[in-house]
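Working notes for the structure below.
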Amino acid sequence: LLIIGSLFLCACGGTAATPKDGLNSPEAAAECVMNSLKTMDLDTFNKYTDNYISTQRNFIGIPKAREYRVFNELLQPALFKGKHYKRNYRLSQRFTQNLSWEITDVRESDKNAEIDIKITNLDMSLATGNYIVLLLENMSQSNGVGLGSLIKDMSDLRGNMEGFLSIIDSMDSDETCTISVTLTAFKENGKWKLHISDEFINAFMGNID
């Protein structure tokens with residue numbers, strides 16, 4: 001649950017180039033979205049996807065929470081970005097910085113399209129497996145016993161993700177996975193946008209599921 005929850009954390013980084021054609025094709029939209037993921041440009045990612053779902057406002061209309069399909073936590077309204085935010089931003093960068101992809105086919109019909117794409121990333125299922133081993137090793141070395149000690153150990157590790165980050169950094173460049181996904185796209189206000197499905201999220205997150 002800790003690792004899966006961390007998947008949906010991200011932040012805005014550099015700005016990906018937007019095609020001059022205004023994304024007037026599904027393939028251009030897919031390329032733009034994938035580049036925005038690799039550079040962590042969530043403004044562009046949200047602009048050309050249906051990632052945004054809704055906004056909750058307080059009694060005077062000020063946004064207090066927003067809901068997104070992915071990268072939810074670090075897209076929340078906030079005046080200050082503290083240590084928790086920065087830690088999760090670093091983790092988010094690790095998840096997408098090694099992305100590569102190949103669009104193999106595009107089928108367009110009126111205002112809808114299907115895009116076949118092969119997405120390659122570091123195999124995060126290996127990273128999470130190694131992290132579970134690290135958790136167990138740290139728990140076995142704890143001086144405490146019983147449920148209370150177990151909860152404390154897990155809480156301490158949750159606040160310090162350096163172990164997980166170091167595992168990702170130590171992975172070889174050939175420890176990758178390639179997942180084929182069919183993306184759906186739709187035309188809205190003259191521009192193409194991609195639907196963010198669970199399968200798409202799992203693919204660009206390196207088979208984290």
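- Here the OH-CG distance, from Y131 to L165, works out to 9.0 Å after rounding to the nearest 0.5 Å.
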Exercise for review: Test side chain to side chain donor-acceptor pair (under 3.5 Å) on D116 and T104 and set out the steps.
Suggested key: CA-CA 6 Å; D116 295 336; T104 58; 4.7 Å; no

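- With rounding to the nearest 0.5 angstrom, the CG atom of N98 is 9.5 Å from the CD1 atom of I168.
- Taking every heavy atom of both residues into account, L99 and K38 meet most closely at O-NZ, 2.8 Å.
- One finds no salt bridge joining K118 and E102 here, because no Lys/Arg side-chain nitrogen approaches an Asp/Glu carboxylate oxygen to under 4.0 Å.
- Here the side chain of E175 pairs a donor or acceptor atom with the backbone of D172 at under 3.5 angstrom.
- Q97 meets the side-chain hydrogen bond (donor to acceptor under 3.5 Å, both in side chains) test with no other residue; sequence neighbours excluded.
- Between F95 and L122 there is no side-chain heavy-atom pair separated by less than 4.5 Å.
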**Study point:** Evaluation steps, side-chain contact (heavy atoms from CB on, under 4.5 Å), between D50 and K193
**Key:** CA-CA 7 Å; D50 62 356; K193 300 177 72 172; 5.5 Å; no

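- Counting only N and O atoms by type, the side chains of T176 and T120 include no donor and acceptor under 3.5 Å apart.
- For the pair S109 (side chain) and N112 (backbone), a donor-acceptor distance under 3.5 Å is absent.
- Expressed to the nearest 0.5 Å, how far CE of M34 lies from CG of L194 amounts to 9.5 Å.
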Practice item. Output, in order, the C-alpha distance, side-chain angles, deciding distance and verdict of side-chain contact (heavy atoms from CB on, under 4.5 Å) for I208 and S125. Key: CA-CA 5 Å; I208 194 68; S125 66; over 6 Å; no

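- Distance check: M124 CE to M171 CE gives 6.5 Å after rounding to the nearest 0.5 Å.
- In terms of hydrophobic clustering, with Ile, Leu, Val, Met, Phe, Trp and Tyr side chains grouped at heavy-atom distances under 4.5 Å, I115 and F186 are assigned to different clusters.
- Using modelled atom types and a 3.5 Å distance limit, the side chains of E27 and W192 yield no donor-acceptor pair.
- Using a 4.0 Å cut-off between charged nitrogen and carboxylate oxygen, D169 and R94 count as a salt-bridge pair.
- Across V33 and Y48, no two heavy atoms sit closer than the pair CG2-O, 3.6 Å.
- Between the side chains of N207 and D123, not a single donor N or O lies within less than 3.5 Å of an accepting N or O.
- Rounding to the nearest 0.5 Å gives a distance of 8.0 Å between CG of N202 and SG of C177.
- Within the 4.5 Å cutoff, no side-chain heavy atoms of S197 are placed close to those of T184.
- Contact detail for F164 and L91: the closest heavy-atom pair is CD2-CD1, 3.6 Å.
- E114 places none of its side-chain heavy atoms less than 4.5 Å from the side chain of V106.
- The two atoms that bring R57 and K64 nearest to each other are O-CE, 4.1 Å, heavy atoms only.
- Using a 4.5 Å cut-off on side-chain heavy atoms (C-beta onward), T178 and W101 make no contact.
- Shown here are the salt bridge (charged side-chain N to carboxylate O under 4.0 Å, His left out) partners of E67, two or more places apart in sequence or in another chain: there are none.
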Review point. Between K191 and K47, does a side-chain contact (heavy atoms from CB on, under 4.5 Å) hold up when you go through it step by step?
Key: CA-CA 10 Å; K191 67 183 179 185; K47 184 177 181 180; 3.5 Å; yes

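- Here the closest heavy-atom approach between residue A65 and residue Q76 is recorded as CA-OE1, 3.4 Å.
- Evaluation of the side-chain contact (heavy atoms from CB on, under 4.5 Å) rule for N51 yields F45, N46, T49, Y68, R69, V70, L75, I196 as partners, not counting sequence neighbours.
- Atom CZ of F200 is separated from atom NE2 of H195 by 10.5 Å, given to the nearest 0.5 angstrom.
- In this structure, the side chain of N58 engages the main chain of G61 through a donor-acceptor pair within 3.5 Å.
- When all heavy atoms are compared, the tightest approach of A203 to I119 is O-CG2, 3.7 Å.
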